[in-house]
There are 2 protein chains.
Amino acid sequence: MPTAANDYPPIAVTVDLVVLTVREEKFQVLTIRRGEEPFLGHWALPGGFLRPDEDLEEAAGRELQEETALSAQQVHLEQLASYGTPDRDPRMRTVTVAYLALAADLPTPTAGSDAAEARWQPVESLLASGLAFDHGRILRDGVERARAKLEYTPLAAAFCPPEFTISELRRVYEVVWGTELDARNFHRKATKTEGFVEPTPGTTTRDGGRPARLYRAGHATTLHPPLLR
Amino acid sequence: MPTAANDYPPIAVTVDLVVLTVREEKFQVLTIRRGEEPFLGHWALPGGFLRPDEDLEEAAGRELQEETALSAQQVHLEQLASYGTPDRDPRMRTVTVAYLALAADLPTPTAGSDAAEARWQPVESLLASGLAFDHGRILRDGVERARAKLEYTPLAAAFCPPEFTISELRRVYEVVWGTELDARNFHRKATKTEGFVEPTPGTTTRDGGRPARLYRAGHATTLHPPLLR
DNA sequence: ATAATAGTGTCTCTTAGACAATATTTC
DNA sequence: GAAATATTGTCTAAGAGACACTATTAT
């Protein structure tokens, strides 16, 4: 209930992105190398200021476009959480709204409009080596959100190209969860869970062996029953 | 990545609360009647400005204390989401971080430090009659979050007093979900799901009939298996 | 005794997980 | 044919939901 906005010093609002993908059989995140202090040379999550006339999700989509050349149509984008610890940025008081983006492993340039270096990095090693600001915590939260959502939503398909095989979908689960799944039981569950995947006429042999049917993402928003870890 | 904060006009950051409880067999939310324009006389969610030295959750806890005299120890408090549509407040640009609070039906004064009138209202009728600002959307998101979390977390106990019966726990599910559950099957699931509830030595007859064993909330953070709707 | 709520047992159906068997490719 | 992956089928154990039945209180 704003009553006296001027009583308080201004707070900068930023939007940060946790862009996740499955790449080379590893769960990876898009990082930017910082070109200035503080944390010069450290890796950080991409992000930037909220502009005066932008909605939050709009700002997230714009940053995504600027940093990855991925359009919001090609990725799943959802709000993750906000972070506002008073000293999270030593220069000024900032509150950041973090967004989670899940993308297929496209041949992404990963070259942003900034001169800053951009790179995909495996989530686990990056969490161990550390990130600028409180981005380690943000990444951890994003990874946990993604892992949890695979259980009860059809979101694994967001890590796949528009048409994919059941094996490709299964590998997403295996890489994101870090577990092994029985290919035969997974096949049955994925194809029988209402609205998870829908078959296309096509097949492919890109994974070797017998040709596999190609599927598209279904229309379900929730998996019944869930695919438990 | 803040580079030039002064390039942009200041944005006010507020914290709003969706405080939910089960009261008189209905799913209710704490509302405040607005004492000034805009939306004078309309119902709104409690909330206020983020102070210069406060973390987000700290501000949420403070507002909760001010509005309900409930301490953060007595309620479950978690971040819900942030809302920042440019015109969400006609007076100025604001971004609000909404928190979800789940409380037992204590004999709450519901009299805040403000002179504003505070009242518990049934969620459904309030969503139908409308709320100030975008608080209808925030409430809707909070209600949906609460409903979903009952499925796979032991959070229903947050709506109960420290010691409760299985029937009281079941009524939480029935009221929040708006469904009827089989008392016998529910009893078996609740008591057998690892870490959901743990028995105490006591019993009570406050619900009538045969004395019921009293339980406390268990230590689990996730229910295996989930209690599906 | 009757009403009310608590709690246990039983039965059936569905699903999960283990794993055998078959199908269709490439080399 | 051998190797690789896809897909279907079968078996067993566990959980969900329907519901009979027993237990313990108040009136």
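Lettering follows sequence order; numbering is per chain, from 1.
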Side chain of A:Arg184 (C-beta onward), nearest among C:dC19, D:dA6, C:dG7: C:dC19

A:Gln28: what forms a side-chain contact (heavy atoms from CB on, under 4.5 Å) with it, not counting sequence neighbours? A:Thr21, A:Arg23, A:Glu24, A:Lys26, A:Trp120, A:Pro122

Rounded to the nearest angstrom, tell me the gap between atom CD in A:Glu168 and atom C1' in D:dA4. 15 Å

For the side chain of B:Ser167, counting heavy atoms from C-beta on, which of C:dA6, D:dC21, C:dC19 is nearest? C:dA6

Show the distances under 3.5 angstrom between N or O atoms of the protein and N or O atoms of nucleotides 22-27 of chain C.
{"from": "C:dA23", "atom 1": "O4'", "to": "A:Arg210", "atom 2": "NH1", "distance (Å)": "3.3"}
{"from": "C:dA23", "atom 1": "N3", "to": "A:Arg210", "atom 2": "NH1", "distance (Å)": "3.3"}
{"from": "C:dT24", "atom 1": "O2", "to": "A:Arg210", "atom 2": "N", "distance (Å)": "3.4"}

Summary of salt bridge (Lys or Arg N to Asp or Glu O under 4.0 Å) pairs that have at least one residue in residues 177-190 of chain B, sequence neighbours excluded: B:Asp182-B:Arg184

Per the side-chain hydrogen bond (donor to acceptor under 3.5 Å, both in side chains) rule, what does the pair list look like for residues 125-134 of chain B, sequence neighbours excluded? B:Arg88-B:Asp134

List the atom pairs, with distances to 0.1 Å, where a side-chain N or O of residues 207-214 of chain B and a protein N or O form a donor-acceptor pair under 3.5 Å, not counting sequence neighbours.
{"from": "B:Asp207", "atom 1": "OD2", "to": "B:Thr165", "atom 2": "OG1", "distance (Å)": "3.2"}
{"from": "B:Arg213", "atom 1": "NE", "to": "B:Thr200", "atom 2": "O", "distance (Å)": "3.0"}
{"from": "B:Arg213", "atom 1": "NH2", "to": "B:Pro201", "atom 2": "O", "distance (Å)": "3.1"}

Would you say A:Asp141 and A:Tyr83 are linked by a side-chain donor-acceptor pair, where the criterion is simply a distance under 3.5 Å? yes

Let me know the distance between CZ of B:Phe196 and C1' of D:dG15, rounded to the nearest Å. 16 Å

Please enumerate all residues that pass side chain to side chain donor-acceptor pair (under 3.5 Å) together with A:Gln121, with sequence neighbours excluded. A:Thr31

Between atom CG in A:Leu214 and atom C1' in D:dA6, what is the gap in whole Å? 12 Å

Which pairs with one or both residues in residues 143-160 of chain B pass side-chain hydrogen bond (donor to acceptor under 3.5 Å, both in side chains), sequence neighbours excluded? B:Glu78-B:Arg145, B:Glu78-B:Lys149, B:Glu124-B:Arg147, B:Glu151-B:Arg229

I need the CZ-P distance between B:Arg206 and C:dA6, as an integer number of Å. 11 Å

Suppose we screen for ring-ring contact (aromatic ring centres under 6.0 Å, His included). Which residues come up paired with B:Trp177, at least two apart in sequence or across chains? B:Tyr173

Could you list the residues that satisfy ring-ring contact (aromatic ring centres under 6.0 Å, His included) with A:His42, not counting sequence neighbours? A:Phe39

Phosphate-side-chain proximity, B:His187 and C:dG7, N/O vs OP1/OP2 below 4.0 Å: yes

Can you sort out the partners of B:Val175 under side-chain contact (heavy atoms from CB on, under 4.5 Å), two or more places apart, ordered by chain and number? B:Val22, B:Phe27

Report the distance from atom CZ of B:Arg213 to atom P of D:dA23, rounded to the nearest whole Å. 17 Å

I need the CD1-P distance between B:Ile166 and D:dA23, as an integer number of Å. 20 Å

Which distance, rounded to the nearest 0.5 Å, do you find between the CG of A:Leu102 and the CG of A:Leu20? 6.0 Å

Can you check the B:Phe186 CZ to D:dG15 P distance for me, whole Å? 17 Å

Contacting residues from residues 149-162 of chain B, given that a heavy atom lies under 4.0 angstrom of DNA chain C: none

Mark up nucleotides 10-17 of chain C, 5' to 3', with B wherever a protein heavy atom is under 4.0 angstrom from a base atom, S wherever such an atom reaches only the sugar-phosphate, and - elsewhere. B-----SB

